[in-house]
Amino acid sequence: MIIVPGPASKDLGSKVADSLGVEAVPIEFKFFPDGESYIRYTGSLRGENVVVVQTTGPPQDINLVQLLLLIDAAKDLGARSVTAVVPYIAYARQDKMFRRGEVVSAKTVTRLLEATGVDRFITVNIHNPDALSEFRIPAVSLSAIPLLARFVKGRGLEGAFSLGPDEGAAQMVEEAAEILKGGYGFLKKQRDRVTGEIAFEKKVFDLKGKNAVVFDDIISTGGTTAAAVKTLRSQGAKKVFAACVHALLIADARDRILNSGAEEIIGTDSVPSSVSTVSIAPLIAEALKRGA
Ligand code: R5P
């Protein structure tokens, strides 16, 4: 097996290769003056089981095209198989037609990936695991929540309450609570499909004297996490932390969350950011070893 760290996941790809003790094949990469991507494989891929590691966080469109180019070229260069490791898969949140006429981008991205002839797809905490059923090739979503929860526990937060900002986070907080052992719950969130504004249904948790952690798959504008942190603080939680797998941190998201009363934001290197404290390299390496 050889690992190809894509331009968007250079560090993570190298860490995965190190964890597995296999070769990381560097690529030559540049942008043409008009912004298009140029990529050249520097080593031989013939007959190899190639693993391309490329996340598709912002700028999503560029990173996604680079991913497609990397897979397609690996196939052309004679790779025996190509596995796409895409820690954050872009466009996954639009997984249905919420309003008539909307594009279902999750499905289109799946089709594009399959058109390259990719053999296997591995992602991490995909927004809606049901979206994986669109794939005809083996496709899995790994969970980075245990890694995040163990890190948080190491910060002295054993016994902290785990909160999910919406029902979609129920599974994640269940996983976190198995490690933190402080109970869990989730809010009921509603987002206006046109304005994007969010509102929470009131729910009361028993938080007196407890620390708490908000767990979510994605922090984009930070609105969801900030509102969840405020809820926890207003219900008497002591210290509140924000943990998330894919910290996109758009615009002032970081300040927004810290100003809402969070002590710290803990993210992973699924998407490199200022809060990428926890590496998901061991999770990916383990899955590749298992042949997931
Ligand atoms: C949505 O359901 C996701 O799980 C996240 O809660 C959402 O994407 C976060 O977005 P934002 O940070 O913009 O509120």
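Both counts, for ligands and for their atoms, begin at 1 and track the order of listing.
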(request) State, with a plain yes or no, whether a side-chain heavy atom of Leu232 is found less than 4.5 Å away from one of Leu207. (result) yes

(request) Determine, considering heavy atoms only, which of Thr225, Asp216, Ile198 sits nearest to atom 6 (O) of ligand 1. (result) Asp216

(request) Check whether any N or O atom of Pro165, backbone or side chain, sits under 3.5 Å from an N or O atom of ligand 1, and answer yes or no. (result) no

(request) State the atoms of ligand 1, each with its element, that fall below the 4.0 Å cut-off from a heavy-atom position in Lys189. (result) 1 (C), 2 (O), 6 (O)

(request) Any atoms of ligand 1 less than 4.0 Å from a non-hydrogen atom of Gly222? List them with their elements. (result) 11 (P), 12 (O), 13 (O)

(request) Give the intermediate values and the outcome of side-chain contact (heavy atoms from CB on, under 4.5 Å) for residues Ser274 and Arg254. (result) CA-CA 9 Å; Ser274 57; Arg254 191 168 189 269; 3.4 Å; yes

(message) With salt bridge (Lys or Arg N to Asp or Glu O under 4.0 Å) as the rule and sequence neighbours excluded, what pairs involving residues 68-96 come up?
(response) Lys75-Asp119

(request) Around atom 1 (C) of ligand 1, find the nearest protein heavy atom and jot down its residue, atom name and distance. (result) His127 CE1, 3.3 Å

(message) Within the 4.0 Å heavy-atom shell around Gly223, which atoms of ligand 1 are there?
(response) 12 (O), 14 (O)

(message) Using a strict threshold of under 4.0 Å (side-chain N to carboxylate O), is an ion pair present between Lys189 and Glu201?
(response) no

(message) I need the nearest protein heavy-atom contact for atom 8 (O) of ligand 1: residue, atom name and distance, please.
(response) Arg93 NH1, 2.8 Å

(request) Provide, to 0.1 Å, the distance between atom 14 (O) of ligand 1 and the closest protein heavy atom, together with that atom's residue and name. (result) Thr224 OG1, 2.5 Å

(request) Give the residue, atom name and distance (to 0.1 Å) of the protein heavy atom nearest atom 10 (O) of ligand 1. (result) Arg191 NH2, 3.5 Å

(request) Mind jotting down which residue pairs meet the side chain to side chain donor-acceptor pair (under 3.5 Å) criterion with at least one end in residues 129-138? Sequence neighbours excluded, please. (result) Glu114-Arg136

(request) Measure the distance from atom 9 (C) of ligand 1 to every protein heavy atom, then report the residue, atom name and distance (to 0.1 Å) of the closest one. (result) Ile218 O, 3.4 Å

(request) Could you tell me the residue and atom name of the protein heavy atom closest to atom 13 (O) of ligand 1, and the distance to it rounded to 0.1 Å? (result) Thr221 OG1, 2.6 Å

(message) Under 4.0 Å from a heavy atom of Ile219: which atoms of ligand 1 are those, numbered in the order shown and with their elements?
(response) 12 (O)

(message) Taking the side chain as everything from C-beta on, heavy atoms only, tell me whether Pro5 gets closer than 4.5 Å to Leu12.
(response) no

(message) If we set the cut-off at 4.0 Å for heavy atoms, which region of Asp217 has an atom near ligand 1: side chain, backbone, both, or neither?
(response) side chain

(request) Have a look at Phe161 and tell me which of Phe205, Tyr184, Phe186 forms a ring-ring contact (aromatic ring centres under 6.0 Å, His included) with it. (result) Phe205

(message) Within the 4.5 Å heavy-atom criterion, are Asp216 and Val245 side-chain neighbours or not?
(response) no

(request) Would you check if Val86 and Ile122 make a side-chain contact, meaning some heavy-atom pair closer than 4.5 Å? (result) no

